[in-house]
Amino acid sequence: MIAVNGRYLLKTRISGVERYAHEVISRLHHLCSLDVRKPERSSVLYGHFWEQIVLPSRLAAGDILYNPCNLAPLGYANNVLVLHDVIAMSHPQFYSRLFRQYYTTLIPKLVRRSRHVVTVSEFSKQQIIRYTGVDEDKVSAIYNGVSQVFSPTLRAQETTVRDKYDLKLPYVLYAGSLEPRKNVETLLKAFAYAQSTLGLEGYALVVAGNAHPNFAPANLPALPGVKFLGYVPDPDLPALYANAELFIYPSLCEGFGLPALEAMASGVVTLVSAETAMTEVVQSEDLHFPALDHRTLAEKMYYFLNHPLSCEAYRQIGLVCARQFTWDKTAQNTVKILTGV
């Protein structure tokens, strides 16, 4: 039997990791027989206890346990673990002390003891091998997909989200968590530089996302023309993306960079930092920038906002690129792992 660690089902505010689990498992149900298990209570402490003690005690000998969200029961022998990244090991300064200690103690042991490890990019695969010492044959890179709800058609159809968030000006968008690793501070500097030095006028910078207790806090200043939306629920995201003039994801380190893919699928030109897995997703070098170079980012921002023909060409390139990444393909490649281990 293939059992699923369904601890993610109790989260109400989902991140990219939980979105991955929902998308992949909904499709795996059509490809193989699954038994999804979930905790009886939603508290964080009980969730850890349930995952490590209760869940494995309820599995039969020989059951494969599919763990889609980075953690698994350490004492269970037949884990297939989806490890999205090892950024807490490669960049520990970006995480809270407690999270960092728990993660860096548990993850290397989980990786070595699992039957197989799945990750979401070649970049993450190499990072996992480097920081855990696991054999390369034990790790498979299977890309994320993008939901069909992200579509350029919403730009013409949807005004409700603009009204809801009081977005009167054309806007440049960032969507993601607010933590130092995401490097939003460089984006703010770039936007301010584009305004003050390059003469950018008539645009707002919209920052969608909130902080998380697992991450070190990001100290982001309030600047003219910048609008912080806080947490944006999933139903609002497709229209928020599609109505943006430009999407920018300046993260210092990413295992995949799902928001960048969602933006491309929404028909938005997407600029990403050049040092991470996102270059596997946003493949045109013209859309990459050095993560900490706010002047280069400002110049690219200014260029695309003032050259509509070039912007349209890269928008079409992005739409073609985004079609390569489907959740159906993710699930089909995952089931091969689950049934072959």
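In this structure, S266 and F150 approach most closely via the heavy-atom pair OG-CB, 3.6 Å. Q52 and P56 make their closest contact through O-CG, 3.3 Å (heavy atoms, listed as atom of the first residue, atom of the second, distance). The shortest heavy-atom contact between P39 and G6 is CD-O, 4.0 Å. Closest approach of S121 and A277 over heavy atoms only: OG-CB, 3.5 Å. The heavy-atom pair separating C321 from F325 by the smallest distance is O-CD1, 3.4 Å. Summarising the geometry of I337 relative to V118, their closest heavy-atom pair is CG2-CG2, 4.2 Å, with the distance given to 0.1 Å.
Distance OH/Y76 to CZ/R115: 9.0 Å, rounded to 0.5 Å. Here E179 contributes atom CD and N210 contributes atom CG; the two are 10.5 Å apart, rounded to the nearest 0.5 Å. With rounding to the nearest 0.5 angstrom, the CG atom of L198 is 9.5 Å from the CG atom of N306. How far SG of C311 is from CD of E245: 7.5 Å, rounded to the nearest 0.5 Å. With rounding to the nearest 0.5 Å, the separation of CH2 in W50 from CD1 in I53 is 12.5 Å. Once rounded to the nearest 0.5 Å, the distance linking CD of E299 with CG of L297 reads 9.5 Å.
For Y241 and F247, the ring centers sit closer than 6.0 Å to each other. With ring centers used as reference points, Y20 lies under 6.0 Å from H84. In this structure, H48 has its ring center closer than 6.0 angstrom to the ring center of Y102.
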Original post:
Could you walk me through whether V24 and Y66 pass the side-chain contact (heavy atoms from CB on, under 4.5 Å) check?
Top reply: CA-CA 11 Å; V24 172; Y66 177 58; 3.7 Å; yes
**OP:** Test N183 against L292 for side-chain contact (heavy atoms from CB on, under 4.5 Å), laying out the working first.
**Re:** CA-CA 8 Å; N183 195 30; L292 294 174; 3.6 Å; yes
**OP:** Quick one: do N67 and V80 satisfy side-chain contact (heavy atoms from CB on, under 4.5 Å)? Show the steps, please.
**Re:** CA-CA 6 Å; N67 302 271; V80 172; 5.7 Å; no
**OP:** Run the numbers on M301 and L187 for side-chain contact (heavy atoms from CB on, under 4.5 Å), then give the verdict.
**Re:** CA-CA 10 Å; M301 187 189 312; L187 174 56; 4.1 Å; yes
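Following chains of ILVMFWY side-chain contacts shorter than 4.5 Å, one can reach I25 starting from V335, so the two form part of one hydrophobic cluster. If you chain together hydrophobic residues whose side chains sit under 4.5 Å apart, V86 and L252 fall into the same group. By the rule that hydrophobic residues join a cluster once side-chain heavy atoms approach within less than 4.5 Å of another member, V17 and Y103 end up as members of separate clusters. Hydrophobic clustering, with ILVMFWY side chains joined whenever heavy atoms are under 4.5 angstrom apart, keeps Y174 apart from L169. With hydrophobic clusters built from ILVMFWY side chains whose heavy atoms lie under 4.5 angstrom apart, L65 shares a cluster with V54.
No side-chain donor-acceptor contact under 3.5 Å links N144 to the backbone of V146. Of the possible polar contacts, none joining the N79 side chain to the L81 backbone as a donor-acceptor pair under 3.5 Å is found. The backbone N or O of V268 lies less than 3.5 Å from a partner atom in the side chain of T270, making a donor-acceptor pair. When atom types are taken as modelled, the side chain of K168 and the backbone of R162 share no donor-acceptor pair closer than 3.5 angstrom. Distance alone, capped at 3.5 Å, places no donor-acceptor pair between the D236 side chain and the V232 backbone. T119 places a side-chain N or O within 3.5 Å of a backbone atom of L83 that can act as its donor or acceptor partner. With hydrogens and angles disregarded, no donor-acceptor distance shorter than 3.5 Å links the side chain of S114 to the backbone of H116. Counting only distance, with no hydrogens or angles, the side chain of T326 and the backbone of K329 share a donor-acceptor pair below 3.5 Å. Judged by distance alone, with hydrogens and angles left aside, the side-chain atoms of Q93 form no donor-acceptor pair with the main-chain N or O of R181 at under 3.5 Å. Distance alone, capped at 3.5 Å, is enough to place a donor-acceptor pair between the R100 side chain and the Y95 backbone.
For S273 and E275, the side-chain atoms include no donor-acceptor pair closer than 3.5 Å. Checked by atom type, the side-chain pair Y143/E280 shows a donor-acceptor distance below 3.5 Å. Judged by distance alone, the side chains of R155 and N243 never bring a donor and an acceptor atom under 3.5 Å apart. Under 3.5 Å, the side chains of T160 and D163 contain no donor-acceptor pair of N or O atoms. Side-chain atoms of K227 and Y171 form no donor-acceptor pair, as typed in the model, at a separation below 3.5 Å. If you check the side chains of E254 and S251, you find a donor sitting under 3.5 Å from an acceptor. With 3.5 Å as the limit, one finds no donor-acceptor pair spanning the side chains of S124 and Q127.
Inter-residue side-chain proximity for E136 and Q126 is flagged as met; some heavy-atom pair is nearer than 4.5 Å. Looking at heavy atoms from C-beta onward, Y302 lies out of side-chain contact with Y203 at the 4.5 angstrom threshold. At a threshold of 4.5 Å between non-hydrogen side-chain atoms, the residues L305 and V172 count as touching. The closest side-chain heavy-atom distance from Y8 to H22 is below 4.5 Å. Counting only heavy atoms from C-beta outward, the side chains of P180 and E185 never approach each other to under 4.5 Å. Taking 4.5 Å as the limit, some side-chain heavy atom of K182 sits within range of a side-chain heavy atom of S177. The shortest side-chain heavy-atom distance between N70 and V82 does not fall under the 4.5 Å cut-off. With contacts defined as side-chain heavy-atom distances shorter than 4.5 Å, the pair L261/F256 qualifies.
Residue-environment remark: NZ (K38) stays at or below the threshold of 12 foreign heavy atoms within 6.0 Å. By the 6.0 Å contact criterion, CZ on R112 is enclosed, its count of non-hydrogen atoms from other residues, nucleotides or ligands being greater than 12. Heavy-atom contacts from other residues, nucleotides or ligands closer than 6.0 Å to CD of E40 number more than 12.
In this structure, R37 does not pair ionically with E51, as no charged nitrogen and carboxylate oxygen lie closer than 4.0 Å. For the pair E23 and R19, the salt-bridge criterion is not met [side-chain N within less than 4.0 Å of a carboxylate O]. A salt bridge does not link E285 to K300: none of the charged side-chain nitrogens sits closer than 4.0 Å to a carboxylate oxygen.
Relative orientation of the F304 and Y314 rings is perpendicular, given thresholds of 30° and 60° on the angle between their planes.
Judged by the 6.0 Å distance and 45° axis criteria, R41 is positioned over the aromatic ring of Y46.
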